[in-house]
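Counting convention: from 1, in listed order, for ligands and their atoms alike. Model, not experiment: these values are computed from the prediction.
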Amino acid sequence: MIKILTIIGARPQFIKASVVSRAIKNTDGIEEIMLHTGQHFDANMSDVFFNQLGIPQPHIQLDIHGGSHGEMTGRMLADIEQAVIEHKPDRVLVYGDTNSTLAGALAAAKLHVPVAHVEAGLRSFNMRMPEEINRILTDQISDLLFCPTDTAVNHLQQEGFAAKPVKVLQVGDVMQDAALFFANHALAPAGFDVKPGFILATLHRAENTDAPERLASIVDALNHLHTEVAPVVLPLHPRTRNVVAKLGLLLNVHLIDPVGYFEMVWLLDHAGLVLTDSGGVQKEAFFFGKACVTMRDQTEWVELIDAGANELVGANGQKIIDAVTRNLGRKVQDTQQLYGGGKAAERIVSELMSRGINGF
Ligand code: UDP
């Protein structure tokens, strides 16, 4: 029996892990132990995903959140190390680019337990983003690198991975697996009464929330769009809510609490456009046929820009307003199967199986 220790902790990781976890459950000869670091802990940032997406309750629940990056990552590293020693997995599986990802990979690699990284090879080339640091370091200490796109594979080749004793595979994107699998579970958020065609916005990246000028400019643009162009529906991330309150900014849009995945799928389905700084939501807009405007200076998902499905506008208020006005209601189509068509989890599990016990 191959024993996998999966490390998750943040909202997008619950969604990604749900599809791989189900594929593991449906496969003989492989078992999964789940460790939740506690990085996201609110009921609407964590529990709701376990309940809706059928993710098994974590075997190991840590309670590590808040504090500085160093403090959070350090505490996770110490506790995950203990879990690896105790459970002796054949492999550790990590997702994406959060502090939980890096801590999980580092704890395992130092104990000579092989690491598989889902979403390997993504790059924004902006080393000021904590996510960029986490993903580059995680890739360096993984021996099974599951890339979601050809672009990600190319990044790793350019960084010299072809000459290393590791395996780089393009498996497609687990987020497309999740979007396809759960599309027919769409659920309107309780009491939601905004007519279809609204602007669905999300805002939580540190590059925006930790830069008061950028945040103020984005808030002004959202307020303008809401009164002049179309209702802006914003499920507000707890980090953004705190910063907005601290800076005394006034958000005059249709604010709702963060929603579960089924509600998010419903919102994506009924939106006229997606306006976001999220990584995952850029692709989900595409999966649901909606144009996307991205409030960042770089994106890891460059194929969406090349396909004309996504426009990068940074935090410039006028650019945000112009791009949204121009793209509202525009439909986009995935004619090239950019993200693998929903087979990523299956491919990942089959590769984990073929690597066998202790990674060999
Ligand atoms: N999401 C959600 N509810 C919300 C906002 C986002 O379920 O209120 C989902 C979204 O559909 C996507 C994931 O959370 O699957 C994206 O996570 P997030 O934007 O927090 O992180 P990122 O993708 O930027 O790492």
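Environment of CG in N184: crowded, with over 12 heavy atoms of neighbouring residues, nucleotides or ligands closer than 6.0 Å.
Residue contact check: R205 has heavy atoms under 4.0 Å from atoms 22 (P), 24 (O), 25 (O) of ligand 1. Every atom of ligand 1 with a heavy atom of G279 under 4.0 Å away is listed here by number and element: 22 (P), 23 (O), 24 (O). Residue G260 approaches ligand 1 through these ligand atoms, each under 4.0 Å from one of its heavy atoms: 7 (O). In summary, the atoms of ligand 1 found under 4.0 Å from a heavy atom of P258, numbered by their order in the structure, are 8 (O).
With hydrogens left out, the protein atom closest to atom 13 (C) of ligand 1 is I15 CD1, 3.7 Å, a heavy atom. Looking from atom 8 (O) of ligand 1 to the surrounding protein, the closest heavy atom is V259 N, 2.9 Å. Nearest to atom 19 (O) of ligand 1 among the protein's heavy atoms is S278 OG, 2.7 Å. Summary of contacts: the protein heavy atom closest to atom 23 (O) of ligand 1 is G280 N, 2.7 Å.
Note on V232: it does not cluster hydrophobically with F288, by side-chain heavy-atom contacts below 4.5 Å among ILVMFWY residues.
Checked against the 6.0 Å centroid threshold, H36 and H59 do not count as a close aromatic pair. Two rings, from F286 and W301, have their centers 6.0 Å or more apart. Aromatic ring centres of F192 and H254: separated by under 6.0 Å. With ring centers used as reference points, F125 lies under 6.0 Å from H155.
Within the 4.0 Å heavy-atom criterion, the part of E284 lying near ligand 1 is the side chain and not the backbone.
Close N/O approach between P235 and ligand 1 is not found [any backbone or side-chain N/O within under 3.5 Å]. When only interatomic distances are considered, the shortest N/O to N/O separation between R11 and ligand 1 falls below 3.5 Å.
A cation-pi contact, defined as under 6.0 Å to the ring centre and within 45° of the axis, links K164 to F161.
In this structure, of R239, M175, H204, the residue bringing a heavy atom nearest to atom 18 (P) of ligand 1 is H204.
Relative orientation of the H185 and F182 rings is perpendicular, given thresholds of 30° and 60° on the angle between their planes.
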